[in-house]
> 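Pasting in a structure now, in structure tokens, and then I'll have a few things to ask.
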Number of protein chains: 2
Amino acid sequence: MSQHRHPGRAGAVPALPDLPEATVARLPEYLRALHNVAETGHETISSEGLANAAGVNSAKLRKDLSHLGSYGTRGVGYDVALLVEQIEYVLGLTQRRAVALVGVGNLGHALAGYDGFAGRGFRIVALFDADPRRIGEEINGLVVRHIDELPEVAAEESVAIGVIATPAAAAQRVADQLVAVGVTSILNFAPCVLAVPEGVDVRKVDLAIELQILSFHEHRKAALTALPAAGGSALTALPGGFAVTESQEAIGT
Amino acid sequence: MSQHRHPGRAGAVPALPDLPEATVARLPEYLRALHNVAETGHETISSEGLANAAGVNSAKLRKDLSHLGSYGTRGVGYDVALLVEQIEYVLGLTQRRAVALVGVGNLGHALAGYDGFAGRGFRIVALFDADPRRIGEEINGLVVRHIDELPEVAAEESVAIGVIATPAAAAQRVADQLVAVGVTSILNFAPCVLAVPEGVDVRKVDLAIELQILSFHEHRKAALTALPAAGGSALTALPGGFAVTESQEAIGT
DNA sequence: AGCTGTGAAGTATTTCACAGCT
DNA sequence: AGCTGTGAAATACTTCACAGCT
């Protein structure tokens with residue numbers, strides 16, 4: 001077993017094992033599934049059960065969880081409450097992180113109003129825009145401020161994560177401003193690549209890209225059904241047997 | 001190297017090579033970068049140049065493009081227009097695919113109004129909701145219809161892709177309805193796992209998950225700076241040397 | 001001389017299959 | 001008997017480094 005013996009420390013809390021990125025990307029999904037399970041009143045769940053709820057296979061789930069240090073009981077399963085606690089700890093969700101949102105156009109507006117953040121460990125503490133016509137507008141209890149006020153607000157609220165929902169042309173400038181005030185994590189909805197210094201993490205969500213990936217698979221399916229194609233699964237007749245399709249992963253690596 | 005020799009077929013159009021998923025996920029980013037390059041008037045671009053514009057390294061880019069069949073010229077680079085055409089063909093963007101959007105709440109509203117789709121190969125042809133209060137509302141020239149009208153509309157408009165922007169509780173039912181009318185590609189914004197028959201592709205975007213992944217890295221960075229930590233890159237002092245951070249990939253897998 | 005295309009090596013991730021705890 | 005934790009095998013992906021075309 002060639003694994004990370006992180007030095008001694010016989011305490012309950014495992015001082016952050018360094019997880020594979022692929023594992024990190026799945027932990028939030030496990031957490032969501034666990035919250036669902038908890039609501040149904042179950043106190044423990046097997047790897048098989050949780051894997052189904054999270055849309056992965058059970059071997060993968062077990063390996064992922066084993067990286068956390070293993071909080072299951074053989075013959076029984078995982079303690080739901082304990083596992084929730086562990087994953088929340090590892091993901092750093094024990095503190096409610098402050099998020100600043102820049103760009104309250106079409107998409108930014110929706111994000112500002114999205115109530116899914118609060119329950120999942122985040123609170124939006126400030127809204128910014130560069131367009132004078134939007135400054136002062138109130139959304140969900142927050143007033144939109146000019147982006148140049150970012151330094152004051154960031155210091156005041158100790159912003160941990162910046163979300164960019166501006167047009168592509170403005171995104172790099174905003175990223176620079178965020179980095180300048182010490183933000184080291186950025187979620188970018190603008191369709192462009194951001195240059196940031198080492199140590200700053202950027203994740204990107206591009207809606208058109210998602211559709212284009214689906215388009216590729218549509219195209220391929222169409223090409224396959226056009227062929228005579230011996231072997232394997234017919235795609236034309238929809239098979240009745242439903243199944244969770246595996247690899248509905250949440251965003252890659 | 002054990003790779004996919006797909007049988008002969010010596011035509012100009014490469015009858016859809018089966019690309020690695022990781023490559024498929026990057027092609028849209030290359031396409032976007034190429035459009036930017038085209039606007040600057042360049043007719044060719046090197047792998048190095050395009051790789052920079054897309055935020056990947058050049059070896060990866062060359063390997064990705066080589067899967068398409070190779071449309072570069074040694075000593076020169078890639079013909080921008082030709083490469084755009086090739087990628088659009090492979091992604092199936094030569095036809096403008098019809099998208100149906102279900103759920104015009106907070107997020108759905110924003111998606112319905114997002115103008116980034118039109119320029120990237122898609123047109124939203126119908127909006128649906130289950131809430132009677134929303135039916136009849138007009139957004140961006142489209143009227144919101146009741147989800148039960150999906151069968152008629154889908155037949156009429158030959159919907160290729162369904163986008164689910166409903167609350168989690170409603171998402172599975174909507175997915176079933178989409179599948180029932182023959183939709184085989186779904187983009188799911190609801191925070192839940194969907195069960196779909198084989199042959200149906202689901203991609204998931206979950207905003208809270210993205211933030212949680214960033215949170216993990218914040219947490220880890222904080223843990224690292226807390227240590228004395230010999231070796232390697234200091235994270236505390238921001239180094240001035242900017243760089244595109246690699247792996248700003250658009251969504252996983 | 002420059003730049004692509006690609007075997008081969010290196011790394012990461014998934015899956016198998018089973019030992020070992022409860 | 002049931003279910004976790006994990007080596008080992010299999011697969012996927014990335015990177016290197018250079019042959020070979022222009």
Side-chain angles (χ1 to χ4, degrees), chain A residues 1-5 14 17-27 29-30 37 42-52 54-80 82-83 86 245-253, chain B residues 1-5 14 17-27 29-30 37 42-52 54-80 82-83 86 245-253:
Chain A
M1 51 168 96
S2 63
Q3 74 279 60
H4 15 240
R5 290 269 139 254
D18 58 349
L19 310 170
E21 263 305 306
T23 296
V24 172
R26 282 187 296 264
L27 289 179
E29 192 67 53
Y30 301 157
V37 170
H42 293 76
E43 296 196 346
T44 65
I45 186 158
S46 67
S47 64
E48 188 71 27
L50 184 53
N52 283 346
V56 302
N57 76 34
S58 64
K60 194 187 283 182
L61 179 125
R62 285 200 303 279
K63 178 134 301 191
D64 282 342
L65 295 187
S66 78
H67 290 303
L68 305 189
S70 157
Y71 294 89
T73 308
R74 291 168 202 233
V76 179
Y78 298 93
D79 181 293
V80 174
L82 178 60
L83 196 50
Q86 267 308 310
T245 328
E246 168 66 68
S247 98
Q248 263 170 61
E249 322 200 1
I251 239 183
T253 315
Chain B
M1 197 198 193
S2 85
Q3 75 280 53
H4 15 238
R5 291 265 140 259
D18 57 353
L19 310 171
E21 264 305 304
T23 296
V24 172
R26 282 186 296 263
L27 288 179
E29 193 67 52
Y30 301 157
V37 170
H42 293 76
E43 297 197 344
T44 65
I45 186 159
S46 68
S47 64
E48 188 72 27
L50 184 53
N52 283 345
V56 302
N57 75 35
S58 64
K60 195 188 283 183
L61 179 124
R62 285 200 302 280
K63 179 133 300 188
D64 282 342
L65 294 186
S66 79
H67 290 302
L68 305 189
S70 156
Y71 294 88
T73 308
R74 290 167 203 234
V76 179
Y78 298 93
D79 181 292
V80 174
L82 178 60
L83 196 50
Q86 267 308 310
T245 326
E246 168 67 67
S247 98
Q248 264 172 61
E249 322 200 1
I251 241 184
T253 320

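These figures come from a predicted structure and were not determined experimentally. Letters A, B, ... mirror the listed sequences (proteins, then strands); counts begin at 1.
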> Whole angstrom is fine here: how far is it from CZ in Arg62(B) over to P in dA19(D)?
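Interatomic distance, CZ of Arg62(B) to P of dA19(D): 15 Å.
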
> Among dT6(C), dC13(D), dG5(D), find the nucleotide with the atom closest to the side chain of Ser66(B).
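Given the options dT6(C), dC13(D), dG5(D), the side chain of Ser66(B) is closest to dT6(C).
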
> Tell me, do Leu27(A) and Leu68(A) make a side-chain contact under 4.5 Å, heavy atoms counted?
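Result yes, sub-4.5 Å side-chain heavy-atom pair found.
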
> Once rounded to the nearest 0.5 Å, what's the spacing between atom CG of Leu61(B) and atom CD of Glu29(B)?
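Here the rounded value is 11.5 Å.
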
> Among dT14(D), dT4(C), dC13(D), which nucleotide has an atom closest to any side-chain atom of Tyr78(B)?
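Side chain of Tyr78(B) sits closest to dT4(C).
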
> Can you tell me the distance, in whole Å, between the CD atom of Glu21(B) and the C1' atom of dA12(C)?
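From Glu21(B) CD to dA12(C) C1': 17 Å.
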
> Could you state the CG-P distance from Leu65(A) to dT6(D), rounded to the nearest angstrom?
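About 12 Å, once rounded to whole Å.
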
> Which is more 5' along DNA chain D, the nucleotide nearest Asp64(B) or the one nearest Ser47(A)? Just name the residue.
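In this pair, the answer is Ser47(A).
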
> Please tell me if the side chains of Leu83(A) and Leu50(A) come closer than 4.5 Å, counting only heavy atoms from C-beta onward.
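They are in side-chain contact.
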
> Any heavy-atom pair between the side chains of Leu19(A) and Asp64(A) that's under 4.5 Å?
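They are not in side-chain contact.
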
> For Leu61(A) and dT15(C), what is the distance between atoms CG and C1' respectively, to the nearest whole Å?
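About 14 Å, once rounded to whole Å.
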
> How long is the line joining CG of Asp79(B) and P of dT4(C), in whole Å?
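So the CG-P distance, Asp79(B) to dT4(C), works out to 13 Å.
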
> Starting at CG of Leu65(A), measure out to NZ of Lys60(A) and round the result to the nearest 0.5 Å.
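Going from CG on Leu65(A) over to NZ on Lys60(A), the span is 13.0 Å.
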
> Starting at the 5' end of DNA chain C, which residue's closest nucleotide do you reach first, Val76(A) or Ala59(A)?
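Residue closer to the 5' terminus by nearest nucleotide: Ala59(A).
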
> Checking only heavy atoms, does the side chain of Arg74(B) share a donor-acceptor pair with the base of dT22(D) at less than 3.5 Å?
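Donor-acceptor pair under 3.5 Å: no.
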
> Would you say dT14(D) has OP1 or OP2 under 4.0 Å from some side-chain N or O of Asn57(B)?
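Checking Asn57(B) against dT14(D): no side-chain N or O falls below 4.0 Å of OP1 or OP2.
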
> Of the nucleotides dT4(C), dT6(D), dG7(C), which has the atom closest to the Lys63(B) side chain?
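Among the listed nucleotides, the one closest to the side chain of Lys63(B) is dG7(C).
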
> For dG20(D), give its Watson-Crick or G-U wobble partner with both distances under 3.5 Å, or none.
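Result: dC3(C).
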
> Could you give the CG-to-P distance, from Leu68(A) to dT6(D), as a whole number of Å?
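The distance from CG of Leu68(A) to P of dT6(D) comes to 12 Å, rounded to the nearest Å.
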
> Whole angstroms only, please: what is the CG-P distance between Leu82(A) and dT4(D)?
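Interatomic distance, CG of Leu82(A) to P of dT4(D): 14 Å.
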
> To the nearest angstrom, how far is Lys60(A) atom NZ from dT6(D) atom P?
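Nearest whole value for this atom pair: 19 Å.
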
